[in-house]
Amino acid sequence: MRVPLEADVRAPARASDLPVAALGIAAVAAWLWAFLVTDRVAILGALLAVAAIAFVLAQRSAVAKRYGLALARRPRMGVAFAAIGVLAVAAALHDQPYPLLMLCTVMLFVVACIGLDIQTGYCGIVNFAGAAFFGTGAYTAAVLAKQGVPHLFGIVCGAIVAALVGSLLILPVLRTRGYYAALVTIAFGILFSTFLEVNNALGGPQGLKLPGIDLFGWRFNRDVDIGGASASFYVNYVVLALALALGAYVFSRRVDRSWIGLTFDAVRLDETAAAAFGIGIARAKIIAFTLGNFLCGLAGAVYAMMQGFIAPNNFTFGESLILVSILILGGIGNPLGIVPAALIIIVVPQKLQFIQEYRFLLYGILVVLILLFRPEGLLPRPVRRYFPAPR
Amino acid sequence: MDPGVLAQYAFNGLMLGVIYAMVAVGFTLFFGVLDVIQFAHGDVVMAGAFVALATYLALHGLGVAVPGLVVIVVACAAALAMALLGALIARYLVLPLRAAPAFNTLLITLMLGSILRELVRLFYPNGSNPQPFPRLLPTASVNLGNFTLRLDTTILLVVGLATIFVVNLVVRRTRLGLAIRAVAQDSETARVMGIDFQRIVLVTFAIGSALAGIAGVVYGLYYNEVNFDIGLLLGVIGFSAAVVGGLGSIYGAIIGGFLFAALQTIGSVALPVSSAYNNVFAFAVVIILMTWKPTGLIAEPTSERV
Amino acid sequence: MTQPRQSTASVVAPLLACHGLTMRFGGLLALDALDLSVASGEILGLIGPNGSGKTTFFNVLTGLYRPSAGRVEFGGRDIIGASPQQVCRAGIARTFQRSRLCLPLTVFDNVMIGNHLRLDHRVSFNVLRRGALRRQYDECVEAARSLAATFNPRLSSRLFEAAAALDMIDRRRVEICRALVNAPRLLLLDEPSAGMTRGETRELMDDILQIRAARGELTIVIIEHEMNVIERMTERCVVLNYGEKIAEGPFRVVASDPAVQEAYLGQAVAEA
Ligand SMILES: Nc1ncnc2c1ncn2[C@@H]1O[C@H](COP(=O)(O)OP(=O)(O)OP(=O)(O)O)[C@@H](O)[C@H]1O
Ligand SMILES: [Mg+2]
């Protein structure tokens, strides 16, 4: 099937399209709200079914395609819509801490998975230690917060330390390929959580406690008063996580739609040919690996401060596999796919407590099925367009 | 240090080496015929140990208590079940992804490992805790100073080496082995020569996985305890051992297995930290060795064909 | 063994000169003390039976293999031990015997991989200065379009389709575009006619000659099994057998050389 080019479809420039677009966002936001709020299995199932049907219909309907492409031509508008939608949902949920916490968790996992996608999806560096880099950020933030370091600085340090720890692994990653590189990251992922378990300085199996974020005197863990209405303090974290997720998304899109993205693709698809045309393999891999670990660490640091408590079993090899599952489900190399995938993989087991215990098993089966029957994932990666609307 | 204690360490290291070698040989066989790494192989070892345990409990329940018979039945059950599992993995997970990027094979076997672990953890009675594994071998022992030579571990050592030897013999000396080596050399040519490619792949996976099943039994009998997560360490070390010895070579895998056991034993003796760091050390060694010699210690560096 | 014939190339220093180039794979001697030179602006044919070391020669030149012995000078500079990237920077571009296009990428992307050295790939530039990137991109699109149009106007209209959607001959064209886009001094073509019909081959060769005419100074070494391609395209050719140069000279002279006939005949007998 030939996907119509953006240029093939006239974008809606008419004012009358605006209400339709608003309706679309409202529908998605309403769905998200219901998805986060419900604790009834039947409703959850119905919502997922509705989403699946809408997804299939949207792929066939010309109208949806028109709006999709119109949005693709205006990336800023897409980002603004996403922000408005999430903020609207957060406003609707303002007095329900638990759904808000889930929303934040999803958005932070989106950030980490975008990092992994830059490594694996773009540049072809398999990283099965995602949770370890996430955990590096988390533990760094925890230790620094305990030392009384300003929290913003601590969070940034978390990201930087994750990137630095990654640079310890850069030599093995550069010297090995494919299965071998996978082995190195697997070994590191297991080493990391084992180390945390046995190391008493970092709290051992009991883990560490953290304070809530305090940003220039703005205390995140205090309920917010907006015009008389009191909102759960998680609203603070929603705003922060949203900013990070959108930032990571825009960043990864820009990286992909540039010569760097092209270089990553060349390295992923054929190192030998890439080298023969002068592409520095090591440089590309170092950039991708470092950027990815930075994002993982950043997400981990914020996640830790939001949770207020971290322990080694948040960052096991199994968790790394969950991060990779999100990538595969969403469609490897397409950061947009990460959003629905993270929603499904993170929220569903939280909702259905009885499958919480079985989630590793279910994700394992899910990924096996995807790889066998739809390896390109929910949203397959489209071919690169550097800029919206080419001639 | 006391020579008896040293000898004890050496003997324990040898035992560990046999288990690692048994796992590594499987990796090497699979890589030979299909150029893939079956990342769930360590968990196949674990599954083998649990099949053995379940078989033992069933026999026990039936009142069968002839010691020699029980251990043989238990080992055969593990080997056969894992052979079947291995063939199924090859048929339904690995072969269908032959045309896909290597990443997909990697991921599907990795996820299969996770599935096996979780199945045992969730559905084996009390599976999330370590399970005692019965002592099925005679436990007579002789003391030489500080060194205790136990009959059961000696038997395990001999049996482990013998199974590796038999697999090696099958690969080197039989018609089947000839076909396996032909496919490993050049699967296209082998196919043209009339070798049933798929059958050979399935048989190879069955052999390697049966070996893993027996390794699981040896593990259980040696440690007298099995846990659902032992496969992770065994898989990573088994793979590394195979790589270090040069993927595709059986002898290399054996040497690699013993090398890792030696390093780990030396590490646990020489490092001044608590034994809790044993596994941290093992994984660090894996990373360092892979960095230092990404294509193995023995294999000469070859340039990839362009 | 026949005496090497007097080269018809000009007397000026050659663009590429190899001395005693040797490549061993374990016990196998893939290149055996090869002496070879290519004059600037020349089209040299490289022929020889299967497994005679032709591709290996390209791989050694482009830094993919490190030779066991010998020297290679390109434009007066020693390029032995240089990385593939350095060789590329020195001005050597190549195609591969088995197509190595990135099939999921667009035609434009594939061509731009060849243009890597001219692109600005600093992270800050690519992520933050989108306007400047846009200008560079627009220039590149123009360059790719006109290059593709020299080959085939239809190709230039398919610039933003995935390479996987192209047929064999267009893929080969894209591969050659990718090698040419950075204006190399030396172009290495490894069996450009492989897998194509006579007619397609002729078309492709016309295209190559046309580009060369438009470009002026482009030196080409071409590996071919298709003898009429060699006859038509080259002034001079070198014959390899078991990694050794067994003859050198204009195609018609070389073709009648008994040593060459024997080398090819030996292969024919072995294959029969
Ligand atoms: N990376 C390698 N490792 C081992 N042997 C190699 C390698 N590359 C090439 N060879 C061997 O070197 C010899 C020359 O191979 P090469 O590919 O250069 O031949 P060729 O002349 O290009 O043949 P063809 O016309 O079939 O393409 C062959 O015997 C080949 O098997
Ligand atoms: Mg060749």
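Order of the sequence lines fixes the chain letters, A, B, ..., with proteins taken first and strands second; residue numbering starts at 1 for each chain.
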Exercise. Which bit of Ala100(B) comes within less than 4.5 Å of chain A, counting heavy atoms only: side chain, backbone, both or neither?
Worked result: neither

Exercise. When rounded to the nearest 0.5 angstrom, what is the spacing between CZ in Phe283(B) and CD1 in Ile190(A)?
Worked result: 4.0 Å

Seminar exercise, completed: Pro205(A) meets the side chain to side chain contact (heavy atoms under 4.5 Å, CB included) criterion, sequence neighbours left out, with Glu197(A)

Problem set entry | Between Asn104(B), Ile115(B), Leu97(B), the one whose heavy-atom pairs under 4.5 Å with chain A are most numerous | Ile115(B)

For this session: Can you see which heavy atom on Asp35(B) is nearest to which on Tyr179(A), and at what distance?
Result: O-CE1, 3.6 Å

For this session: Tell me, out of Val184(A), Leu183(A), Ile370(A), who's got the most heavy-atom pairs with chain B below 4.5 Å.
Result: Leu183(A)

Exercise. Side chain, backbone, both or neither: which part of Tyr92(B) has an atom under 4.5 Å from a heavy atom of chain A?
Worked result: backbone

Seminar exercise, completed: Heavy-atom nearest pair, Ala284(B) first then Leu191(A), reads N-CD1, 3.5 Å

Problem set entry | Spacing of CE belonging to Met111(B) relative to CG belonging to Leu371(A), to within rounding of 0.5 Å | 8.0 Å

For this session: Examine whether an atom of Thr105(B) lies under 4.5 Å from a heavy atom of chain A, and if so say whether it belongs to the side chain, the backbone or both; otherwise answer neither.
Result: side chain

Exercise. What class does the angle between the rings of Phe128(A) and Phe103(B) fall in, given that below 30° is parallel, 30 to 60° is tilted and above 60° is perpendicular?
Worked result: parallel

Exercise. When rounded to the nearest 0.5 angstrom, what distance separates CD1 in Ile108(B) from CG in Leu372(A)?
Worked result: 4.0 Å

Problem set entry | Residue-level contacts of residues 358-368 of chain A with chain B, using a heavy-atom cutoff under 4.5 Å | Tyr358(A), Phe360(A), Leu361(A), Gly364(A), Ile365(A), Val367(A), Val368(A)

Exercise. What part of Val173(A) lies closer than 4.5 angstrom to a heavy atom of chain B: side chain, backbone, both or neither?
Worked result: neither

For this session: Side chain from CB out, backbone as N, CA, C, O: work out which of these in Val286(B) comes under 4.5 Å of a heavy atom of chain A, or both, or neither.
Result: side chain

Problem set entry | Residues from residues 81-89 of chain B approaching chain A under 4.5 Å (heavy atoms) | none

Problem set entry | Derivation and outcome, side-chain contact (heavy atoms from CB on, under 4.5 Å), residues Phe317(A) and Val236(B) | CA-CA 12 Å; Phe317(A) 178 59; Val236(B) 168; over 6 Å; no

Problem set entry | Atom pair OG1 (Thr291(B)) and CD1 (Ile170(A)), whose distance is rounded to the nearest 0.5 Å | 11.0 Å

Problem set entry | Structural part of Leu106(B) lying under 4.5 Å from a heavy atom of chain A | both

Problem set entry | Ile186(A) side, atom CD1; Leu110(B) side, atom CG - distance, nearest 0.5 Å | 4.5 Å

Exercise. Given a strict heavy-atom distance threshold of 4.5 Å, which part of Leu107(B) is in contact with chain A: side chain, backbone, both, or neither?
Worked result: both

Exercise. By a 4.5 Å heavy-atom criterion (distance strictly below it), what part of Leu122(B) contacts chain A: side chain, backbone, both, or neither?
Worked result: side chain

For this session: Heavy-atom distances under 4.5 Å only: say whether Leu174(A) touches chain B with side chain, backbone, both or neither.
Result: neither

For this session: Using the test side chain to side chain contact (heavy atoms under 4.5 Å, CB included), find all partners of Ala40(B) that sit at least two apart in sequence or belong to another chain.
Result: Gln38(B), Leu112(B)

Seminar exercise, completed: Scored by heavy-atom pairs under 4.5 Å with chain B, the best of Thr185(A), Leu171(A), Thr194(A), Leu321(A) is Leu321(A)

